[in-house]
Amino acid sequence: MSTSTSTALLTDHYELTMLQAALRSGAASRHAVFEVFARQLPGGRRYGVVSGIGRVLDAVEDFRFGDEELAFLRDGEVVDEPTLDFLAGYRFSGDVYGYREGECYFPGSPIMTVEGTFAEAVLLETVILSVLNHDCAIATAAARMVRAAAGRPIIEMGSRRTHERSAVAAARAAYLSGFSSTSNLMAGHLYGVPTAGTAAHAFTLLHDSERDAFQAQIVSLGAGTTLLVDTYDVAEAVRTGVELAGPELGAVRLDSGDLCEVATEVRAQLDALGAHKTRIIVTSDLDEYAIASLASAPVDGYGVGTSLVTGSGVPTAAMVYKLVAREDASGVLAPVAKKSVGKPSRGGRKRAFRRLDASGTADAELVFTSGREAGDAGPLQVPGARPLQVPLVRGGEVVGRESLEASRAWHREALAELPSDAHHLSRGDAVLPTVFD
């Protein structure tokens, strides 16, 4: 079984094929600029949330072809010996800049730019896209859920509904977008996401009676624990829970039935029993629409699983990684672009700005494209607008890593700039136009 921690083999076969051919033609050393962007926001979303930048920076740092990786490529005859020699010494020494993690983005936003030799930059396509497409999709769905929850906390509980590594990344992305905690302990260990959880139905079924199960949980975890009360009869379970824990019972969880109706009945029962501070947590395949429908219900918090880790029906952010400029035969960095029907790209290095009106509300995304000069990537400042890109990697060294808490705080600021209709749950166009020069 492999023990490698390198991210190098997350690349695609065809990237190595291009590398081999470019090394043979001599074009591999040409200066190149690649750009990550989304042509549209899938699922009729009105904005996207940038997530995964920190994970991309980790992946770039760990992108090394060691003995194990090289042996695999040699044994499989994936590339020739000159290419293996190049890979053995591979270190990304270029520059990366892009949007801060937690920022909002729109169609055409230059979310990330990777600049270096063609050989260096082309190998990072798959690992960058695999991280950003997943994490941005999850963070965008999570932001919609947080908005629908209107201040009520949401626990991320989707680990059992996706790949084990995706579950950790999803928990991180959800926390970035405002979820309060996760049940995934690895996300807590790796990224510091607060962890929380309750008992499952199996714990109740294990014991000879629901009373015995509740008693064991309260003795072990204290009266402030959360009891799952819908294994048998909800009203009887609530009565038993309050009898055992007293009015200091922390919370009860509902996982089935008409959640609005049942929550209303349980709230009345808890109040009648004197448990006025006992909270009601609801789960059961919730998404942003179900959360919004519970706005008037006496619910204190939510647990979201399947819908979150699948992007609430939009599991990818549909981002692409395209060459937008390359060094020509005369040594000039010249813009290049696809003209494919339905899949065009815009050539040239870019700088992006968020234009704000007098009230501080965003009204447009402004993207300036370079000409043919290597150092030209548009203006550094635009009156009434703030720059969106920041340095992430300089000369192969990571310079733009931020803590998850800092990115979470930045997301709140970026979201506050958007116009109010950005938060409508109905399908629609992007809330801000992207204006290219």
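We number each residue from 1, following the sequence as shown.
- Between atom CG of residue Leu249 and atom CZ of residue Arg279 there is a gap of 9.5 Å, rounded to the nearest 0.5 Å.
- Arg152 forms no cation-pi arrangement with Tyr302, by the criterion of a distance under 6.0 Å to the ring centre and an angle within 45° of the ring axis.
- In summary, Glu101 and Arg55 do not engage in a salt bridge, as defined by a charged side-chain N under 4.0 Å from a carboxylate O.
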side-chain contact (heavy atoms from CB on, under 4.5 Å) between Leu228 and Thr198, intermediate numbers included: CA-CA 7 Å; Leu228 180 58; Thr198 67; 5.5 Å; no
Apply the test side-chain contact (heavy atoms from CB on, under 4.5 Å) to residues Val96 and Ile128: give CA-CA distance (whole Å), side-chain angles for both, the deciding distance (0.1 Å), then the verdict. CA-CA 11 Å; Val96 180; Ile128 288 176; over 6 Å; no
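- Atom CE of Met186 sits in a sparse spot, with 12 or fewer heavy atoms from other residues, nucleotides or ligands closer than 6.0 Å.
- Surrounding CG of Asp233 are more than 12 heavy atoms belonging to other residues, nucleotides or ligands, all under 6.0 Å away.
- Using a distance-only test at 3.5 Å, with no hydrogens or angles considered, a donor-acceptor pair links the side chain of Asp230 to the main chain of Asp255.
- The two atoms that bring Leu308 and Ala174 nearest to each other are CD1-CB, 4.1 Å, heavy atoms only.
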Assess whether side chain to side chain donor-acceptor pair (under 3.5 Å) is satisfied between Glu210 and Thr240, documenting all intermediate values. CA-CA 8 Å; Glu210 190 170 56; Thr240 300; 5.2 Å; no
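- Taken from CG in Leu388 to CZ in Arg100, the straight-line distance is 11.0 Å, to the nearest 0.5 Å.
- Of all the heavy atoms in Val367 and Pro110, the pair that sits closest is CG2-CD, 4.0 Å.
- Contact check on Arg211 versus Glu243 returns a salt bridge, with a Lys/Arg side-chain nitrogen under 4.0 Å from an Asp/Glu carboxylate oxygen.
- The backbone N or O of Ala318 sits less than 3.5 Å from a side-chain atom of Thr316, completing a donor-acceptor pair.
- Remark: side-chain polar atoms of Thr7 are not paired, donor with acceptor, to backbone N or O of Leu10 under 3.5 angstrom.
- Judged by distance alone, the side chain of Ser130 and the main-chain N or O of Thr126 form a donor-acceptor pair under 3.5 Å.
- Using modelled atom types, one side-chain atom of Glu15 and one backbone atom of Asp12 make a donor-acceptor pair closer than 3.5 Å.
- Glu156 places a side-chain N or O within donor-acceptor distance of the main-chain N or O of Gly158, the cut-off being under 3.5 Å.
- Minimum interatomic distance between Phe179 and Arg408 (heavy atoms only, all atoms of both residues): O-NH1, 2.8 Å.
- In Asp67, the CG atom is not crowded: 12 or fewer heavy atoms of neighbouring residues, nucleotides or ligands sit closer than 6.0 Å.
- Here Asp58 pairs with Arg401 in a salt bridge; the nearest charged N to carboxylate O distance falls below 4.0 Å.
- Note: Arg346 CZ to Thr434 OG1 = 9.5 Å, rounded to the nearest 0.5 Å.
- Here Tyr321 pairs with Phe34 under the ring-ring contact (aromatic ring centres under 6.0 Å, His included) rule; sequence neighbours left out.
- Every residue was checked against the ring-ring contact (aromatic ring centres under 6.0 Å, His included) condition with Phe37, not counting sequence neighbours, and none meets it.
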Side chain to side chain donor-acceptor pair (under 3.5 Å), that's the test. Do Glu405 and Tyr175 meet it? Break it down for me. CA-CA 9 Å; Glu405 289 295 341; Tyr175 184 67; 2.4 Å; yes
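- The two residues Ala251 and Thr278 have their closest heavy-atom pair at CA-CG2, 3.7 Å.
- Of the possible donor and acceptor atoms, none in the side chain of Thr140 sits under 3.5 Å from a partner among the backbone N and O of Ala137.
- Interatomic distance, CD1 of Ile155 versus OG1 of Thr226, reported as 7.0 Å (0.5 Å rounding).
- The shortest heavy-atom contact between Glu69 and Ser6 is OE2-CB, 3.6 Å.
- Glu288 contributes no side-chain N or O that, together with a main-chain N or O of Ala141, makes up a donor-acceptor pair within less than 3.5 Å.
- Proximity of a side-chain donor or acceptor of Thr195 to a complementary backbone N or O of Leu185 within less than 3.5 Å is not detected.
- No more than 12 heavy atoms of other residues, nucleotides or ligands lie within 6.0 Å of NE2 in His189, so this atom counts as exposed by the packing criterion.
- Counting only heavy atoms from C-beta outward, the side chains of Thr283 and Arg253 approach each other to under 4.5 Å.
- Taking CG of Asp421 as the reference point, atom CZ of Arg46 lies at 6.0 Å (rounded to 0.5 Å).
- Shown here is Lys338, whose NZ atom has more than 12 heavy atoms of other residues, nucleotides or ligands within 6.0 Å.
- Taking every heavy atom of both residues into account, Gly102 and Ala414 meet most closely at O-CB, 4.0 Å.
- Side-chain N or O atoms of Ser177 include one that pairs as donor or acceptor with a backbone N or O of Ala139 at under 3.5 Å.
- For Phe63, the ring-ring contact (aromatic ring centres under 6.0 Å, His included) test picks out Phe65, Tyr90, with sequence neighbours left out.
- Remark: Trp410 CH2 to Leu415 CG distance equals 12.5 Å, nearest 0.5 Å.
- Under a cut-off of 6.0 angstrom, the local environment of CZ in Phe86 is crowded, with over 12 non-hydrogen atoms contributed by other residues, nucleotides or ligands.
- A side-chain donor from one of Ser109 and Glu365 sits under 3.5 Å from a side-chain acceptor of the other.
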So Leu392 and Val56, side-chain contact (heavy atoms from CB on, under 4.5 Å) or not? Walk me through it. CA-CA 10 Å; Leu392 298 172; Val56 166; over 6 Å; no
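- If you run salt bridge (charged side-chain N to carboxylate O under 4.0 Å, His left out) between Glu115 and each of Lys350, Arg349, Arg394, only Arg349 comes through.
- Within 6.0 Å of the CZ atom in Arg165, the count of heavy atoms belonging to other residues, nucleotides or ligands does not exceed 12.
- Taking a 6.0 Å sphere around CZ of Arg39, one finds it holds more than 12 heavy atoms contributed by other residues, nucleotides or ligands.
- Checking Glu417, Arg355, Arg354 one by one against Asp363, the side chain to side chain contact (heavy atoms under 4.5 Å, CB included) holds for a single residue, Arg355.
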Could you walk me through whether Val122 and Thr117 pass side-chain contact (heavy atoms from CB on, under 4.5 Å), step by step? CA-CA 8 Å; Val122 73; Thr117 66; over 6 Å; no
